[in-house]
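To start, the structure itself, in structure tokens.
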Amino acid sequence: MTKEKIVLIDGNSLAYRAFFALPQLTNDQGVFTNATYGFTMMLERIVTDIKPTKMLVAFDAGKTTFRHEAYEAYKGGRDKTPSELSEQFPYIRKLIDAYQIAQYELPNYEADDIIGTLARQAEAHGDEVIIISGDKDLTQLASEHITVQITRKGITDIDAYTPAFIEEKYGLTPLQIIDMKGLMGDKSDNIPGVPGIGEKTAIKLLKEYGSVENLYEHIDDMKPSKMKEKLIDNREQAFMSKELATILVEAPITITLDDLAYEGEDSEAVTAIYDELQFKTLLAKRDTTTTVVEAEALDVQCVDEVTTQMLTSPMALHVELENERYHNCAILGLGLSDGENSYYIPFEVAQKSTLLADWLAGDSVKYVSDSKAARAALLRFDLPLNHVAFDLLLAAYIDDPARSGVDVAPLAEDYGYYGVQTTEAIYGKGAKWQVPEQSVLAQHVGRIAHAIYSVQPKVEAALKDKEQFTLYNELELPLAAILSAMESEGIMVNATTLEQMGEQLTTKLHALEQEIYQLAGSEFNINSPKQLGVILFEKLGLPPVKKTKTGYSTAADVLEKLRPQHEIIDYILQYRQLGKLQSTYIEGLLKEIGEDHKVHTRFQQALTATGRLSSTDPNLQNIPIRLEEGRKIRQAFVASEKDWVLFAADYSQIELRVLAHMSGDENLVSAFKEGMDIHTRTAMDVFHVGRDAVDGNMRRAAKAVNFGIVYGISDYGLSQNLDIPRKEAKNFIDKYFEVFPGVKQYMEDSVAIAKKDGYVSTLLNRRRYLPDLASSNFNVRSFAERTAMNTPIQGSAADIIKKAMIDMNARLQQEGLRTRLLLQVHDELIFEAPQDEIERLTKIVPEVMENTVQLNVPLKVDYSYGKTWYDAK
DNA sequence: CCAGTCACG
DNA sequence: ACGTACGTGACTGGT
């Protein structure tokens, strides 16, 4: 039996939601379209995101139902459906037909009952059911196999009600939702319930008694109160309300699960309706996808020899790789396009051509997407790539850093080119992954090159329009070449050193493990938070401090609080610490060392929301340093040539200096100009004491406040960090803002500007869009507000070090030094250098880094060097 | 494939 | 009253 994925939609409720959520739109015939439009958006979301195998839209039939027989006033007092909405139902029905989705209604029953009945049938069948509605009534159906998605304020935001979600939200089981309604009633359906009992009281009662029935069985034991009287007086009404609220799961439906099969839309019929209702944006997407692909079916020539007339300038180039790990994987072939002609060159052919090699290395202008990957991959085959004048990946990232992934298809689509297929469509995914036959590959790769060439003018125009072209063209684009060189160079790692550390760790871990089993009284998997939770909080009876969605939290800060209560905690913390070193940094790193004894990370240049880089396979931006045991890992990182050393230079407090500059706060600015330790200085100001009176604790608190400020502070966050009461944290923050009023003003302004413009900006005009600032959800909105405060700071710091890398690279060349930049770790640069260049570096590196931009506070750079990364401290 | 945990700035 | 610090990536266990 194959498992089906069944979506059941409450048609009426969704249409209502859409109608009231969207402004009154009409087409040029004066037909109202907002509900239909919202409904369409919802169907599109369901079809693309959920990908159901079966689907049904259920509607209410007529005015009266069996519920009215029991209770005449059921759903009484409702406003009549506005005609602007009711006239849209025929269109919605037509649309559902065009999507080839089943629809059903049953006289005397509501859509809820149809859905309830089918959902339970499907559940018994072992299928997965997703119910979609704007009405919380249906949440009572939630179960292990049934999820109920309820639309929130808008139409695309949803809450997924699973039993766990309901438990968390109400502390009740799904079925108890019915009892809750029985007690509290439901205004919108005119279900009376028990007067005077609202949600809070209903939940309290159900937690104690479980159900309405059980509550009344034990009502005599309840101590006298107003509430008790009301419950007794309205007994009948409570039971009737519960009955009214109960969704029928055995309605006499004449439709079966087999009738719901969904096999895709009738695309012509859907387009026709879009056309009639003038759904322009939806239409545009469809039209171009179909027409562009078909209209200009691209003639890609798969060549077995490279000729002179193929190679022009400018020309788009795409290097098609076997997978994302371009430092190791095979190159499958190259795509070329000058807009007129598009070619696919199998890599065996490309490798034989000196003509092509010269063209790649020469002055011809190339347009690429992900030039860093292309450069690094080609270089492994002695094919240097020069003169890249356009990089689609980077340009699109600057245009909007929220874009995800390196796949060209969605990027090109964003600029109106719909002809490229996704990597997944070509290769499949997971176990089904395979390289397609050459004709398919040729078409795909040639098409990518054509797309890059085609969108280039539009993308550059967009950036110029937003004054972001300089950032893209003079910062990110040249940086890609530098990063490519850094990655290709790699950093040498001594495997023997790591292996020796690994052996010692194995011994220690084994001893800790035995000790932990002893103290626990049984053997278990210490690495399983679930098993560990059972041991600590059930078997040993320690008090749970915090819980996660799935159970007890056993995170380090929780264990830290339990440390005095049991000897085992200390061993577990040690085990965790060493286990992390062993699995991630010893074993993980050893796997990445190549035949050249080096590791070649990949810096993701178009990934983070703030403009920072990230590092993968391996991540070299999180090598341990804070604890000595971990820091020793750095002893394995060495220079790659004899008599060379590693040289590290880091910005001191760059984010706070950026804050001083951007806010212009006089006190903060003068603090940095004085050059005193910033945390001590903050402590002096916040606590109103002299320099000598600042003790360790005060400095620690001030440091935490400074961090908090940069992150978009909240009293709760600070209280957690410092483990102090929230009130005290709030006090610190208030004092801080008294002393640094310019910072307070700046934070408020950042949020206000972001709300007005929809985005925040950094020093070099990097943008981050923050649509969540308009969210009606407090949490979502607060998060966006903190982001609005943090991103200009973190992002500007990222801008600065990126510019410093470019300046540094130029300076090293200019001075004729052999020193090579290897790594960037957000605020520090790591080089390898011949011993005899060190003296000059100690002058040049800080000078370049400190002067790459001029702020109204000085930038400060510290440096060090040594035989290993550990020694460069 | 997700959640929890922990490494870094 | 809401429930949180900002930005990442790798590994493990468990569905």
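Labels below follow one simple rule: chain letters A, B, ... track the order of the sequence lines, proteins then strands, and each chain is numbered from 1. Hydrogens, waters and symmetry mates play no part in the numbers below; they use all other heavy atoms, side chains included.
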**Item:** Nearest-Å distance once atom C1' is located in both dC2(C) and dC6(B)
**Value:** 29 Å
**Item:** Partners passing side-chain hydrogen bond (donor to acceptor under 3.5 Å, both in side chains) against Y517(A) (at least two apart in sequence or in another chain)
**Value:** none
**Request:** Enumerate the residue pairs fulfilling salt bridge (Lys or Arg N to Asp or Glu O under 4.0 Å) with a member in residues 526-536 of chain A, sequence neighbours excluded, ordered by first and then second residue.
**Result:** none
**Asked** Nearest nucleotide by nearest heavy atom, which residue falls closer to the 5' end of DNA chain C, F783(A) or N779(A)?
**Response** N779(A)
**Request:** For atom NZ of K598(A), decide whether the heavy atoms of other residues, nucleotides or ligands shown that lie under 6.0 angstrom number more than 12.
**Result:** yes
**Item:** Those residues of residues 791-805 of chain A lying under 4.0 Å from DNA chain C by at least one heavy atom
**Value:** Q794(A)
**Request:** Kindly determine whether T868(A) and F637(A) satisfy side-chain contact (heavy atoms from CB on, under 4.5 Å), including the steps that lead there.
**Result:** CA-CA 6 Å; T868(A) 74; F637(A) 288 79; 5.8 Å; no
**Request:** Quote, to the nearest angstrom, the P distance that separates dA3(B) from dA5(C).
**Result:** 16 Å
**Partner residues of D757(A) under the salt bridge (Lys or Arg N to Asp or Glu O under 4.0 Å) criterion, sequence neighbours left out** = none
**Request:** Apply side-chain hydrogen bond (donor to acceptor under 3.5 Å, both in side chains) to T147(A) and list each qualifying residue two or more places apart in sequence or on a separate chain.
**Result:** none
**Complete:** Contact check, residues 617-638 of chain A vs DNA chain B, heavy-atom distance under 4.0 Å, returns Q621(A), N622(A), I623(A), P624(A), I625(A), R626(A)
**Request:** Just say parallel, tilted or perpendicular for the rings of F165(A) and Y161(A), cut-offs at 30° and 60°.
**Result:** perpendicular
**Item:** Contact list for residues 773-788 of chain A, test salt bridge (Lys or Arg N to Asp or Glu O under 4.0 Å), sequence neighbours left out
**Value:** K755(A)-E785(A)
**Asked** Are side-chain N/O atoms of Q582(A) and T506(A) paired as donor and acceptor at under 3.5 Å?
**Response** yes
**Item:** Donor-acceptor pair between Q635(A) and T497(A) side chains, under 3.5 angstrom
**Value:** no
**Sugar-phosphate, base or nothing in reach of A729(A), heavy atoms under 4.0 Å** = nothing
**Item:** Contact boundaries on DNA chain C for chain A, cut-off under 4.0 Å to non-hydrogen atoms
**Value:** dC2(C) to dT15(C)
**Request:** Pick base, sugar-phosphate or nothing for Q531(A), based on heavy-atom distances below 4.0 Å to the nucleic acid.
**Result:** sugar-phosphate
**Prompt:** According to a 3.5 Å limit on both distances, what stems of 3 or more consecutive Watson-Crick or G-U pairs are formed with DNA chain C?
**Reply:** B:1-9 with C:6-14
**Asked** Which residues satisfy the side-chain hydrogen bond (donor to acceptor under 3.5 Å, both in side chains) test with D715(A), sequence neighbours excluded?
**Response** none
**Asked** Looking across every strand, which nucleic acid part, if any, lies under 4.0 Å from N527(A) by heavy atom: base, sugar-phosphate, or nothing?
**Response** sugar-phosphate
**Asked** Has the side chain of E487(A) got a donor or acceptor atom that lies under 3.5 Å from a matching backbone atom of F603(A)?
**Response** yes
**Message:** For the OH atom on Y170(A), are there more than 12 heavy atoms of other groups (residues, nucleotides or ligands in this structure) within a distance under 6.0 Å?
**Reply:** yes
Donor-acceptor pairs are to be reported for all side-chain atoms of residues 548-555 of chain A against protein atoms at under 3.5 Å, with residues two or more places apart or in another chain.
{"unit_1": "T548(A)", "atom_1": "OG1", "unit_2": "T550(A)", "atom_2": "N", "d": "3.4"}
{"unit_1": "T548(A)", "atom_1": "OG1", "unit_2": "T550(A)", "atom_2": "OG1", "d": "3.4"}
{"unit_1": "T548(A)", "atom_1": "OG1", "unit_2": "G551(A)", "atom_2": "N", "d": "3.2"}
{"unit_1": "T548(A)", "atom_1": "OG1", "unit_2": "G551(A)", "atom_2": "O", "d": "3.2"}
{"unit_1": "Y552(A)", "atom_1": "OH", "unit_2": "E538(A)", "atom_2": "OE2", "d": "3.0"}
{"unit_1": "S553(A)", "atom_1": "OG", "unit_2": "A555(A)", "atom_2": "N", "d": "3.3"}
{"unit_1": "T554(A)", "atom_1": "OG1", "unit_2": "R576(A)", "atom_2": "NH2", "d": "2.8"}

**Prompt:** Using the P atom in both, what is the distance from dG3(C) to dC8(B), to the nearest Å?
**Reply:** 31 Å
**Prompt:** Contact class for G712(A) vs. all strands (heavy atom < 4.0 Å): base, sugar-phosphate, or nothing?
**Reply:** nothing
**Prompt:** NA contact type, V710(A), heavy-atom cut-off 4.0 Å: base, sugar-phosphate, or nothing?
**Reply:** nothing
**Prompt:** Counting only heavy atoms not in K5(A), do more than 12 fall under 6.0 Å of its NZ?
**Reply:** yes
**Asked** Between the side chains of Y397(A) and E476(A), does any donor sit under 3.5 Å from an acceptor?
**Response** no
**Item:** Side chains of T423(A) and D407(A), donor plus acceptor under 3.5 Å
**Value:** yes
**Request:** May I ask you to say what L613(A) touches in the nucleic acid, namely base, sugar-phosphate or nothing, with a heavy-atom cut-off under 4.0 Å?
**Result:** nothing
**Prompt:** First contact, last contact: which nucleotides of DNA chain B are these for chain A, 5' to 3', heavy-atom distance under 4.0 Å?
**Reply:** dA3(B) to dG9(B)
**Prompt:** So what does R602(A) hit on the nucleic acid, given a heavy-atom distance under 4.0 Å: a base, only sugar-phosphate, or nothing?
**Reply:** nothing
**Prompt:** For S782(A), which contact category applies under a 4.0 Å heavy-atom criterion: base, sugar-phosphate, or nothing?
**Reply:** nothing
